[in-house]
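Numbers restart at 1 for each chain; the letters A, B, ... are given by sequence-line order, proteins then strands.
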Amino acid sequence: MALPLPPGLTPPEIAFLCEMELVTVIPRQRLEGLELLGGRIKPLNPPHRTNIPLWLALLLKRQRRANILPPAWLNAHSLNAILDHEIEHEDTFSPPPRLPPQPSNNTLPTSPPFLANNTADAAPDALPYHWLELGEMLLEAASDDFEEPDNVRKLLRDLREVRMAKLRKSADVLDAGGGFQMNGVGGMEVGESRSFVTGVIDGLRKIAASREQQRKDREREELENGYSGTAGDYDDDEMDMQ
Amino acid sequence: MSSYYDIDAILTDAQKVPCTFELTVPGLGFLEGNMSGDMKQGSKVELPLWLGEMLALSQSLNTSSLVTLDPPSALSPRVLNALKADPRTVDLRALAPHFYDLGARILELFEEEEMIEVLSDTFKARAAVIADQAHNPRGALGEGADFMRGLDENERQLFRAAHDSAKAVRTWMTDLKQK
């Protein structure tokens, strides 16, 4: 009857999206430019650094044709600083990287994976959207390109634990009118917590459904009786509930 | 609101609520186990929610309703006070397998602001524990076993959802290593 997949994206799908992120590689062999549907990939000329999509970087790494330069935030020093920030601020997540200035006012803001958040010269003090996926994949495929891979792996685990605990705590403040600030939450974390958070909201709405119904009835009555004072509020509330 | 074929909604409707008959009904004695007799005025019977609701809401010609509904024992003040004291220690499953659904249905019939508050707070407090248990590999077996047995059907689904998504991420990470 229903699709076997839950709503939202599965972890392999999120990882697949992450593979479009640009990472910096140091090629060991020449490779001519590739004309791909996703865009042109510049020719690789050792020893010049080039930014290429993660999937190609992983492929070249496995064939020992390139070394991957880990992004600036993916080292023990930066991760330690971010972890301290996470522990210090109990209610918020560490902020995402700043958006680059937009070329003009009427362009839409760019989002990952079209931001160069994972190249060697990215911001060192912020976790990008695909931090967990990218970190895990790089540590798996290119651990010899890290200075201290075990330390980095441990820090990634710590960060994940701290942030998931915060997401779980969000259940206390989720309510019909409540909100929870999720700025800076990564793609894999959203995917992991989606079913729990929506489940809590659904449950709470089911319990409070009768109160909601009463309120709507009362407001409809007031509307019909000609008290138009709350008419504007009524429309606003309707939007909130959808 | 919910689907006609929703098995949880059907099971919720089948839960018993105490009803008091306001009129003497001839030939309805079988509800009490009295096969051929009449239903006496003032007799208290446990009826399924769907039947009790129908009888309570249907208005006969003389406009007095046939039965009056009372909140079921699962939602009695005693239980609500226990939930206010500590939501985590109450065995909701023993009270009613579909505790929250039953609460929502009862709240459609009675206006009880306080019950909404208590149920919402209970659900929130227990959801936090459920999330912790779902992410803890030994949670459902070790010290959390008693709590897990006391989950109502909604909470079980929540646990399953949280557990499955955590497991999916773990599976993805181990798959990564095998490549």
Side-chain angles (χ1 to χ4, degrees), chain A residues 1 5-16 58 62 132-133 135-141 143 153 156-157 160-161 164-165 167-176 178 188-214, chain B residues 1-2 5 8-9 12 99-113 115-136 152 154-179:
Chain A
M1 187 178 79
L5 287 173
L9 296 175
T10 60
E13 287 166 347
I14 299 169
F16 179 76
L58 291 177
R62 269 189 216 118
L132 180 60
E133 309 85 292
E136 288 287 330
M137 279 194 265
L138 283 188
L139 279 171
E140 204 45 55
S143 59
R153 185 174 287 129
L156 277 185
R157 287 287 147 86
R160 186 171 124 80
E161 287 296 317
M164 283 313 287
L167 275 176
R168 269 176 264 154
K169 254 195 347 201
S170 70
D172 293 337
V173 288
L174 290 173
D175 212 336
M188 192 62 88
E189 293 166 297
V190 172
E192 188 173 354
S193 55
R194 172 182 279 113
S195 53
F196 172 70
V197 172
T198 49
V200 173
I201 295 178
D202 278 351
L204 286 174
R205 279 194 60 188
K206 219 187 272 179
I207 293 169
S210 64
R211 179 159 61 184
E212 204 55 43
Q213 193 56 42
Q214 279 169 25
Chain B
M1 211 158 78
S2 49
Y5 296 105
D8 290 316
T12 309
F99 183 78
Y100 294 108
D101 285 341
L102 181 67
R105 295 277 282 126
I106 293 296
L107 284 167
E108 281 173 21
L109 302 171
F110 299 95
E111 272 197 35
E112 302 233 21
E113 281 292 317
M115 199 192 287
I116 298 182
E117 291 298 323
V118 174
L119 289 186
S120 304
D121 288 345
T122 306
F123 188 69
K124 276 190 270 185
R126 291 171 68 101
V129 185
I130 291 170
D132 282 344
Q133 303 280 16
H135 284 83
N136 179 358
D152 102 315
N154 266 344
E155 292 174 326
R156 286 203 170 180
Q157 279 167 16
L158 192 64
F159 175 79
R160 174 156 292 238
H163 180 78
D164 282 354
S165 52
K167 193 174 144 202
V169 174
R170 266 205 303 280
T171 317
W172 171 73
M173 282 186 179
T174 38
D175 282 355
L176 208 60
K177 290 199 177 63
Q178 285 165 2
K179 260 186 230 167

Discussion item. I need the B:Met173 CE to A:Leu139 CG distance, nearest 0.5 Å.
Written reply: 10.0 Å

Worksheet entry | When B:Leu109, B:Val169, B:Thr171, B:Asn154 are compared by non-hydrogen pairs under 4.5 Å with chain A, the top option | B:Val169

Worksheet entry | Structural part of B:Asp164 lying under 4.5 Å from a heavy atom of chain A | neither

Worksheet item: CG/B:Leu119 to NZ/A:Lys206 distance, rounded to the nearest 0.5 angstrom?
Response: 12.5 Å

Practice prompt. For atom CZ of A:Phe16, decide whether the heavy atoms of other residues, nucleotides or ligands shown that lie under 6.0 angstrom number more than 12.
Written response: no

Item to complete: Identify the two heavy atoms, one from A:Glu140 and one from B:Leu176, that lie closest to each other, and give their separation to 0.1 Å.
Response: CG-O, 3.5 Å

Discussion item. Looking at every heavy atom in both B:Ser165 and A:Ser195, which two are closest together, and how far apart are they?
Written reply: OG-OG, 3.5 Å

Discussion item. On a heavy-atom basis, which atom in B:Leu158 and which in A:Val200 lie closest, and how many Å separate them?
Written reply: CD1-N, 3.7 Å

Worksheet item: Side chain, backbone, both or neither: which part of A:Glu133 has a non-hydrogen atom closer than 4.5 Å to chain B?
Response: both

Item to complete: Find the distance between CG (B:Asp132) and CE (A:Met164) and round it off to the nearest 0.5 Å.
Response: 10.5 Å

Discussion item. So for atom CZ, which belongs to B:Arg156, do other residues, nucleotides or ligands contribute more than 12 heavy atoms lying within a distance under 6.0 Å?
Written reply: yes

Worksheet item: Nearest 0.5 Å, what's the CE-CH2 distance between A:Met137 and B:Trp172?
Response: 5.0 Å

Worksheet entry | Interface moiety of B:Glu155 toward chain A, non-hydrogen atoms closer than 4.5 Å | neither

Item to complete: Please report the closest heavy-atom contact between B:Ser120 and A:Leu204, naming both atoms and the distance.
Response: O-CD2, 3.6 Å

Worksheet item: Could you give all pairs that pass the salt bridge (charged side-chain N to carboxylate O under 4.0 Å, His left out) test and reach residues 189-199 of chain A, with sequence neighbours left out?
Response: A:Arg160-A:Glu192, A:Arg163-A:Glu189

Discussion item. Counting heavy-atom pairs under 4.5 Å with chain A, which one of B:Ala125, B:Ala104, B:Gly103, B:Ala166 comes out on top?
Written reply: B:Ala166

Practice prompt. Heavy-atom pairs under 4.5 Å with chain B are the metric here; pick the option from A:Ser193, A:Gly203, A:Ala165 that has the most.
Written response: A:Gly203

